[in-house]
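This structure is a prediction, so every number in the text was calculated from the model and none was measured. Only heavy atoms go into these numbers, but all of them, side chains included; no hydrogens, no water, no symmetry mates. For ligands, and for the atoms within them, numbers begin at 1 and follow the listed sequence.
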Amino acid sequence: MESSHRFLLMALIVASSFVHHVQAQTEFISLDCGLSPSEQSPYIEVETGLNFSSDSSFIQSGKIGRIDASLEWKYPKSQTTLRYFPDGLRNCYNLSVHKGRNYLIRATSNYGNYDGQNVSPRFDLYIGPNFWVTIDLEKHVNGDTWEEIIHIPKSNSLDVCLIKTGTSTPIMSALELRALPNDTYNTGSSSLKSILRSYLSESTKVTRFPDDIHDRIWVPHFESEWKQISTALNVDNSLNSYFVPKELLMTAAIPANASAPLSFSKDLEFPNDKLIIYFHFTEVQALQANQTREFSIVWNGEEIYPTMRPQYLGVTTVYTRVPSLCEVGKCLLQLKRNHNSTLPPLLNAIEVLTVMKLPQSETNADDVIAIKNIKNANRLSRISWQGDPCVPRQFLWEGLSCHDTNVTTPPRIISLNLSSSGLTGNIATGIQNLTHLQKLDLSNNNLTGLVPEFLADMKSLLLIDLRKNKLNGSIPKTLRDREKKGLQLFVDGDDKKGDGNKCLSNSCVPKKKFPVMMVALAISAVLIETKRRRFTYSEVVEMTKNFQIALGEGGFGVVYHGYLNDSDQVAVKVLSQSSSQGYKHFKAEVELLLRVHHINLVSLIGYCDERDHLALIYEYMPNGDLRDHLSGKKGDSVLKWTSRLQIGVDAALGLEYLHYGCRPSMVHRDVKCTNILLDDHFRAKIADFGLSKSFQVGDESEVSTVLAGTPGYLDPEYYRTCRLAEMSDVYSFGIVLLEMITNQHVIDQAREKPHITEWVAFVLSEGDITRIVDPNLHGEYNSRSVWRALELGMSCANPSSEKRPNMSQVVIDLKECITSENSMKSKNKDSDSHGSLELSSSFDTDVAPSAR
Ligand SMILES: *[C@@H]1O[C@H](CO)[C@@H](O)[C@H](O)[C@H]1NC(C)=O
Ligand SMILES: *[C@@H]1O[C@H](CO)[C@@H](O)[C@H](O)[C@H]1NC(C)=O
Ligand SMILES: *[C@@H]1O[C@H](CO)[C@@H](O)[C@H](O)[C@H]1NC(C)=O
Ligand SMILES: *[C@@H]1O[C@H](CO)[C@@H](O)[C@H](O)[C@H]1NC(C)=O
Ligand SMILES: *[C@@H]1O[C@H](CO)[C@@H](O)[C@H](O)[C@H]1NC(C)=O
Ligand SMILES: *[C@@H]1O[C@H](CO)[C@@H](O)[C@H](O)[C@H]1NC(C)=O
Ligand SMILES: *[C@@H]1O[C@H](CO)[C@@H](O)[C@H](O)[C@H]1NC(C)=O
Ligand SMILES: *[C@@H]1O[C@H](CO)[C@@H](O)[C@H](O)[C@H]1NC(C)=O
Ligand SMILES: *[C@@H]1O[C@H](CO)[C@@H](O)[C@H](O)[C@H]1NC(C)=O
Ligand SMILES: *[C@@H]1O[C@H](CO)[C@@H](O)[C@H](O)[C@H]1NC(C)=O
Ligand SMILES: *[C@@H]1O[C@H](CO)[C@@H](O)[C@H](O)[C@H]1NC(C)=O
Ligand SMILES: *[C@@H]1O[C@H](CO)[C@@H](O)[C@H](O)[C@H]1NC(C)=O
């Protein structure tokens, strides 16, 4: 607000009856910024009767200063000291408010040459994450000003921030909050910045608290074309919720020329501001029966209110509902006497406010509370840890990262890095309230105590780093379980992943643990050999917690989730007693799995064979089956093309092992997407060997009596001849490849061509490869590698088994697809060439571990 000498005027206010009003300040926050700690706080300011407190418990930064002693007499006490902020870009006051309540917030800055430099500072003020106003004290004659905003906080805390925008040091002299009735100055989602608040009187007295119970500051304004009229009688303002001070309403301005309009104009500093005007009217003359005062309100030439008749000694407030622009930055208000009115128009008080959109949402309130708790618990005093944690982005708290979709969505904290922050004591429990946290790095501190269990319950966590601390005890087993599902956990003495020892340095005796299934074949084979065993039915019941969680249902029974020794997860397939085929398949599977072990085959941990109760206990595959991930049923992001290729290689390696790596050889007979399971790293293993059969390689005369398999995946040649050979698995694998590329159903009667091979051939004949590829990949693939995989899939699914490649060739071809995809990617990184494909000559063996 502008008015060069108003503080001088304010000092002249006769402190009248404030003693009676001190109780009415309960909804006020009045901070005297920079009040010396040696002075009493709170205190009652003589000039205003306001109850001021020191600001020291509302801000953690800044230094205190005092204006030049020669200027002190001009100002009320609260404005003689100030807090200045030489350090940090953003410094924030943190105030307790009521969410949804309407507040008048006033910030007063009075330079007063406190630093002896005689250079008035310039800086910005923010409300939470949103820009409020630029304070440029150079523009103000006395180097002082105040700014007001009417604002509804969206949470129970409110940040008022000073932002350094240049070389000068931001300052704050007083910060005041006044709760307003929520049926006043209500503009829905917008806030209102005050531009002018005046009462029309020849008086020179600036009025605020205690005359104004809401402590608005009313500056008198009068023009030479006006004439003042007034009453000595009491005005009743109690029926009007704006509570304009009575004494201001006892006077009014009328035009000196009774037939001319009452005109009022205002130049705008910012011509693009959209304004809302509040007019307060009280009739101060007792009208005779033959007298009327009636007028219209005209704003920038437009009649906005046709018939105003002020109430005698009552208050009528009129405001413009729709914010409007003033042409060329000059606003003209006119009150025009109506033709049948005997008296000229009148106006008692006026407020001009500009509508401010504060578009940026504050960070999710729960996250804010949580991170502030963590800050307090760890006594963190980082200068950047003030104000909103996430926004605006340039003031993001050091060590945090946040997810912000757009300005209207509250950002969430997704990573907290307090590495090397000198933390001591226990890991703060407040961390568990950061429910969207994905990464937590507390490494290189002096944290003590136990690793808390709650970390395991934080579902979104993907990475925890606790290294280089003084933590004690063992890692909770729930946390180890999370690790098996993909959580990256770093603790001291555990730098090599997967060595099974999750004890903290020297604090407990290492125990041998069932390994994470991503280790090399050599290790898993040995361990499986020693672990595989026979279980009793009661053990199975206990393991599955009485069959609590079903993972899926197959032809021969239901698969349940279970725990082995309360720590390692397993999948337990319980054969339904009604299944006549059950026992046969059960035996087939046990026999096969007891014989084979390969990293790309789901391994058998044990089984239960107790009269009527048959169960198979497998290693648990946390990411379910391939079908789920192609169809998006898991709700995860779509599998990338390279992941799909890798899954293809893994599955092909498993089949290659069945066909050629074990003696006698095996045919799986039920290769399909739902039998390809994914571990926590999305590496694939073949499952469900219930239909598998041994056969002799080269001896193709094995004739199967019963056809088995899944429609659509079934080799048509086998179907015709009943001759069983490994080439039937190749056919089914071809169908799997086509599914991975297209994400089409294997059989879809609604499609031009129901079977997937026919459909692909049909679309290919139309020359449109882009229509074939899964649209969910959004074109993020190298078309050469897709083309190659498609050719491979089609040749695997060739109706004639002689024309199909064997699984070893399939493995080689798929690995080449990966290589070409990767080399294309690295090439695109260097240049923009999307041109011809160049095969890299070196094989990336890490990408595709050889299993034999
Ligand atoms: C001033 O406010 C404080 C709380 O901020 C309160 O404890 C004190 O009683 C108030 N003083 C007066 C005179 O109202
Ligand atoms: C913010 O203010 C509230 C109350 O005024 C206080 O409880 C809280 O600790 C403050 N937070 C910070 C980070 O200073
Ligand atoms: C207005 O404020 C009062 C508290 O003063 C609150 O109880 C009421 O719900 C608020 N009304 C609205 C519409 O926000
Ligand atoms: C008073 O106002 C009327 C209407 O605007 C105008 O015609 C008249 O000249 C004015 N009188 C004087 C004395 O200025
Ligand atoms: C209104 O009535 C009063 C007497 O009650 C009279 O003196 C005055 O002239 C009248 N005014 C008009 C404009 O008729
Ligand atoms: C004066 O005229 C306006 C129309 O211009 C009408 O609405 C109003 O009722 C009239 N007032 C009186 C007192 O006749
Ligand atoms: C912001 O994101 C939310 C949630 O994603 C969405 O509903 C909303 O429409 C978006 N708003 C804008 C302005 O983009
Ligand atoms: C945490 O910050 C440190 C130092 O800035 C950095 O070295 C480390 O990689 C960060 N941790 C994570 C998980 O990003
Ligand atoms: C976590 O949030 C809940 C609910 O807001 C609160 O009751 C609890 O005290 C918080 N816990 C910590 C440790 O901050
Ligand atoms: C741990 O505390 C010791 C002693 O106070 C200190 O010397 C050391 O630097 C601290 N270590 C870390 C990583 O903060
Ligand atoms: C570590 O924990 C054990 C058992 O909980 C306790 O006896 C020991 O004092 C702890 N050591 C430290 C350094 O806190
Ligand atoms: C699991 O518990 C059984 C007894 O309940 C025990 O014999 C076996 O050694 C335990 N296995 C592991 C890996 O702890």
Side-chain angles (χ1 to χ4, degrees), residues 15 17-33 35 37 39-59 76-78 93-98 174-179 209-210 213 215 371 374 378-385 389 396-403 413-428 431 434 436-449 455 458 460-472 483 486-495 497 504-505:
S17 54
F18 70 80
V19 194
H20 307 294
H21 287 83
V22 282
Q23 284 84 358
Q25 296 178 41
T26 44
E27 301 278 1
F28 286 16
I29 297 175
S30 308
L31 302 185
D32 179 345
C33 303
L35 181 69
E39 290 199 62
Q40 194 194 328
S41 168
Y43 66 89
I44 302 289
E45 187 177 67
V46 177
E47 295 86 346
T48 56
L50 289 164
N51 183 358
F52 273 95
S53 303
S54 159
D55 65 338
S56 60
S57 54
F58 299 85
I59 191 148
K77 176 174 163 64
S78 59
Y93 281 89
N94 154 34
L95 305 162
S96 251
V97 291
H98 296 285
L175 187 58
E176 297 162 295
L177 255 77
R178 280 67 176 109
F209 187 82
I213 59 166
D215 192 28
I371 195 73
I374 293 164
N378 290 299
R379 293 190 199 85
L380 287 166
S381 56
R382 293 185 171 177
I383 188 83
S384 75
W385 278 41
L396 176 70
W397 288 12
E398 182 195 344
L400 294 192
S401 55
C402 301
H403 179 72
I413 296 173
I414 57 166
S415 122
L416 173 61
N417 187 347
L418 292 176
S419 174
S420 312
S421 298
L423 307 183
T424 55
N426 292 344
I427 293 179
I431 288 172
L434 290 174
H436 282 54
L437 202 62
Q438 296 175 3
K439 289 186 186 171
L440 175 64
D441 189 341
L442 300 174
S443 62
N444 200 30
N445 286 296
N446 274 326
L447 291 168
T448 52
L455 292 175
M458 295 178 65
S460 53
L461 268 181
L462 303 172
L463 181 147
I464 303 176
D465 194 341
L466 302 175
R467 284 175 293 188
K468 297 194 193 151
N469 276 296
K470 294 181 177 159
L471 295 166
N472 192 4
E483 194 180 11
L487 173 74
Q488 284 181 276
L489 177 63
F490 298 95
V491 288
D492 290 328
D494 188 34
D495 287 350
K497 300 291 294 167
L504 294 166
S505 47

Atom pairs, nitrogen or oxygen, ligand 8 to protein, under 3.5 angstrom:
residue	atom	partner	partner atom	Å
ligand 8	2 (O)	Asn417	OD1	3.3
ligand 8	2 (O)	Asn417	ND2	2.2
ligand 8	11 (N)	Asn417	ND2	2.9
ligand 8	11 (N)	Asp441	OD2	2.7

> Should you measure from each heavy atom of Pro42, which atoms of ligand 1 turn up under 4.0 Å away?
Replying inline: 1 (C), 3 (C)

> Do Asn444 and Ser420 have a side chain donor and acceptor closer than 3.5 Å?
Replying inline: yes

>> We want to know whether Thr424 and Arg379 form a side-chain donor-acceptor pair, criterion being a heavy-atom distance below 3.5 angstrom.
In response: no

> Between Asp32 and Ser78, which heavy-atom pair has the shortest distance, and what is it?
Replying inline: OD1-O, 3.2 Å

>> Does the plane of the ring in Phe28 sit parallel, tilted or perpendicular to the ring in Phe209? Use 30° and 60° as the thresholds.
In response: perpendicular

>> Give the atom numbers and elements of ligand 1 that come within less than 4.0 Å of a heavy atom of Ile44.
In response: 13 (C)

> What is the distance from atom CG of Asp55 to atom CG of Leu31, rounded to the nearest 0.5 Å?
Replying inline: 6.0 Å

>> Could you work out, with salt bridge (Lys or Arg N to Asp or Glu O under 4.0 Å) as the rule, every residue matching Lys468, not counting sequence neighbours?
In response: none

>> Could you tell me if Lys77 sits above the aromatic ring of Tyr43, with its cationic atom closer than 6.0 Å to the ring centre and no more than 45 degrees from the axis?
In response: yes

